[in-house]
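A short worksheet on the structure shown next.
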Amino acid sequence: MEEQHEFRTEKVGALKEAGVLPWPDRFERTHSASEARELPEGTDNVAIAGRLRFIRQMGKLCFAHLQDASGMLQIMIRREQVGEDIFKIIKKLVDVGDFLGIRGHMMVTRTGETTLQANEVVFLGKALRPLPEKWHGISDQEACYRQRYLDLIMNPETRERFDLRTRVVRELRRLLDDDGFTEVETPVLMTRPSGALARPFVTHHNAMDIALYLRIAPETYLKRLIVGGYERVYEFARCFRNEGMDPSHLQDFTMLEYYVAYWSYEENMAFTETLVKDLLTRVYGSLDEAGEKTGIRWAGDWPKVALSDLVERDAEIRLADFPDADSLRAGIKARGFEIEGAEKLGRGSLIDQLYKKVCRPKLTDPMFLTSHPIDLSPLARRNDENPDVADRFQLVVRGWEIANAYSELVDPIDQRKRLAEQAGLKAGGDIEAMEMDEDYLLAMEHGMPPISGWGMGIDRLIALLTKQSNLRDVVLFPTLR
RNA sequence: GGGGGCAUAGCUCAGUCGGUAGAGCAACGGUCUUUUAAACCGUGGGUCACAGGUUCGAAUCCUGUUGCCCCUACCA
């Protein structure tokens, strides 16, 4: 045991001997620290509680700062006012990191700091380990992830970042609820992975003796609910993907998905723009303010650009001139773009790679990217005019895909065909391809209205808004080895 | 998966050419009734990430391992 842990453990015994409970069960507060600071000078019977963050002791007088969820407040404790016994306890048995309750009256010190002067000090909880250094705090990134509580105590900007996350999620929920959406919960454990192209986590159910998969997306369950008569559903869905980790990917992330009956992707696109703008207005006060805080120009109409037009603009390749994978591959090479493993990719994947490599890095302000290749969108509706592309859009901001949406494929005959293709790829070793999903097809065959659905990476949205480049910085407890 | 970087006291960090471990804060013992990183006097605290190797001698050089970070490839 470390020295400091040992000393503090001994203090627990000393507290008990002095008749003080080291971990009492309650304390009645009248104000938070920040509320107390607003009280007029002289206000009496003010009680606050919090963690001791700083303490400056003199012989018969002691200044300290208590931190609660609202902030910090200075307290002043005079021996003649609180009594010998408790003053001795404060001096000998109380450490930075402990919890205290203070009852007293508001005053202003000689240097002008609003302070709660104690009539009574109540011990509220012993800390056996010290807090990080008071000036430099904690900055080791691994320590911040593993001991997020210390990061939260020491770094106010960390707390603000997570408070923003909470506020964004709350406002999204309110906006959807107010628009007639119903929030639902669908299975996290699924008997087969579906709804996205991704490698799942596999686990085993002992009693049933079957493999279960952690969901990679809630999509097919939410669409079953549309079959069941829901017309606007959404879910904040924790999803899991067993794939590589880097600053922009988590294996455990939050996706907001919604589905709306009778909408096409175009109405969905209009709704998305309104939804995000309303969200930002509620969170930041105005779009201009949001732009100021996030460094992104949210105001103004967001352009809609077809993927093929974007590729033509940035890569100077007219996709219509390259109708198959071989010719496109040659065309890409002729323009001097390097795409790794190009020989194995189909036409859709080549376009996708070209976009990611050449176009995406140039995108900054919010933009809708539309009309993706059909073979990259196995659950999306085929466009009526151009059978090669899907009725699909992505909201791209600063090169990040924030939301992905389409007119859903509701034709069970086409769906069966496309899942069969995916299953073929899977049998051929494509670990991310989809499986045949008879249960979902059964639901579809009972009839679906037109649907447009939508998914948004909440972690990415928050990272974008808080200017974090690593998604781990917007997740309270990121997965670490 | 490929490449690079980092790991020293509870925290933040020094540590020279390879010569046997340092500071500030925190802790412990004191002084101290208006402090703001309080001040002052005194004291203790280390598996230098781990395991090997080279060497008379390793925090330092070499190899391996572990963890974290960054770049790169892929999935949102």
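Numbers restart at 1 for each chain; the letters A, B, ... are given by sequence-line order, proteins then strands.
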Item to complete: Determine whether any donor atom in the side chain of A:R110 lies under 3.5 Å from an acceptor atom in the base of B:U34, or the reverse, and answer yes or no.
Response: no

Please enumerate all protein N or O atoms sitting under 3.5 Å from an N or O of nucleotides 70-72 of chain B, with distances to 0.1 Å.
from: B:C70; atom 1: OP1; to: A:N470; atom 2: ND2; distance (Å): 3.0

Residue set satisfying salt bridge (Lys or Arg N to Asp or Glu O under 4.0 Å) with A:R161, at least two apart, ordered chain then number -> none

Quiz prompt | P-based separation of B:U65 from B:C40 [nearest Å] | solution = 49 Å

Between CE of A:M58 and P of B:U35 the distance, given in whole Å, is 7 Å

>> When the P atoms of B:C48 and B:A9 are compared, how many Å lie between them, rounded to an integer?
In response: 10 Å

Within the side chain of A:S32, is there an N or O that forms a donor-acceptor pair under 3.5 Å with the backbone of A:E35? yes

To the nearest angstrom, the CZ-P distance between A:R56 and B:U31 comes to 21 Å

pair_partner(B:A7), Watson-Crick or wobble, both distances < 3.5 Å, evaluates to B:U66

In short, salt bridge (Lys or Arg N to Asp or Glu O under 4.0 Å) pairs touching residues 107-116 of chain A with sequence neighbours left out are none

message: Measuring centre to centre across the rings, with the benzene-like ring taken for any Trp, is A:F393 within less than 6.0 Å of A:F368?
response: yes

Winner on side-chain proximity to A:Q4, out of B:C74, B:A37, B:A26, is B:A26

The Watson-Crick or G-U wobble partner of B:U20, with both key distances under 3.5 Å, is none

Taken to the nearest whole Å, CG/A:L93 to P/B:A27 is 13 Å

If you measure from the C1' atom in B:C6 to the same atom in B:G44, how many Å do you get, rounded?
30 Å

Open item on the list: Under 3.5 Å, is there any donor-acceptor pair linking the side chain of A:T109 to the base of B:U35?
Closed with: yes

inquiry  = Whether the side chain of A:E133 and the base of B:A26 hold a donor-acceptor pair under 3.5 Å is what I'd like checked.
reply    = no

- Task: Tell me whether the OP1 or OP2 atom of B:C74 has a side-chain N or O from A:Q353 closer than 4.0 Å.
- Result: yes

- Say you pick atom C1' in B:U8 and the same atom in B:G2; how far apart are they, in whole Å? 31 Å

Problem set entry | Check: A:Q422 side chain, A:M434 main-chain N or O, donor-acceptor pair, under 3.5 Å | yes

Those residues at least two apart in sequence (or on a different chain) that pass salt bridge (Lys or Arg N to Asp or Glu O under 4.0 Å) with A:E266 are none

Is there a donor-acceptor pair under 3.5 Å between the side chain of A:D98 and the backbone N or O of A:D95?
yes

Margin query: If I pick the C1' atom on B:G3 and the same atom on B:G45, what distance separates them, to the nearest angstrom?
Written below: 40 Å

When rounded to whole Å, the NE2 to C1' distance for the pair A:H5 and B:A26 reads 15 Å

Requested in this report: Ignoring hydrogens and angles, answer whether the base of B:U35 and the side-chain atoms of A:Q74 contain a donor-acceptor pair closer than 3.5 Å.
Outcome: yes

**Request:** Could you measure between the two P atoms, the one in B:A23 and the one in B:U63, and give it in whole Å?
**Result:** 33 Å

Residues passing the salt bridge (Lys or Arg N to Asp or Glu O under 4.0 Å) test with A:R167, sequence neighbours excluded, are none

Winner on side-chain proximity to A:P130, out of B:G10, B:U33, B:C68, is B:G10

With sequence neighbours left out, the residues meeting side-chain hydrogen bond (donor to acceptor under 3.5 Å, both in side chains) with A:W302 are none

Quiz item: Looking only at side-chain N and O atoms, does A:S139 come under 4.0 Å of OP1 or OP2 in B:C13?
Solution: yes

What N/O pairs connect the protein and nucleotides 4-7 of chain B at under 3.5 Å? Give each pair on its own line.
none

Whichever of A:L131 and A:K60 has the more 5' nearest nucleotide on RNA chain B, that residue is A:L131

A:T370 meets the side-chain hydrogen bond (donor to acceptor under 3.5 Å, both in side chains) criterion, sequence neighbours left out, with none

Protein-nucleotides 28-30 of chain B N/O pairs closer than 3.5 Å?
from: B:C28; atom 1: OP1; to: A:K11; atom 2: NZ; distance (Å): 2.3
from: B:G30; atom 1: OP2; to: A:K92; atom 2: NZ; distance (Å): 3.0

Rounded to whole Å, the CD1-P distance (A:I216 to B:C74) equals 19 Å

With sequence neighbours left out, the residues meeting side-chain hydrogen bond (donor to acceptor under 3.5 Å, both in side chains) with A:D326 are A:R329

For B:G42, the nucleotide meeting Watson-Crick or G-U wobble distances (both under 3.5 Å) is B:C28

If pairing means Watson-Crick or G-U wobble with both distances under 3.5 Å, then the partner of B:C61 is B:G53

Distance test, side-chain N/O of A:K134 to OP1/OP2 of B:A26, below 4.0 Å = yes

Separation of B:A37 atom P from A:H65 atom NE2, nearest Å, is 9 Å

Applying salt bridge (Lys or Arg N to Asp or Glu O under 4.0 Å) to A:E84 and not counting sequence neighbours gives A:R79

Rounded to whole Å, the CD-C1' distance (A:Q57 to B:C32) equals 11 Å

P spacing across the pair B:C74 / B:G64, given as an integer number of angstrom: 29 Å

Residues pairing under salt bridge (Lys or Arg N to Asp or Glu O under 4.0 Å) where one sits in residues 45-61 of chain A, two or more places apart or in two chains, turn out to be none

query: Parallel, tilted or perpendicular: which fits the ring planes of A:Y258 and A:W454, with parallel below 30° and perpendicular above 60°?
result: parallel

Among the nucleotides B:C32, B:U35, B:C11, whichever has the atom closest to the side chain of A:P132 is B:C11

A:L250 atom CG is separated from B:C74 atom P, nearest whole Å, by 19 Å

Taking B:A73 as the reference, what is the distance to B:U54 when you measure between their P atoms (whole Å, please)?
42 Å

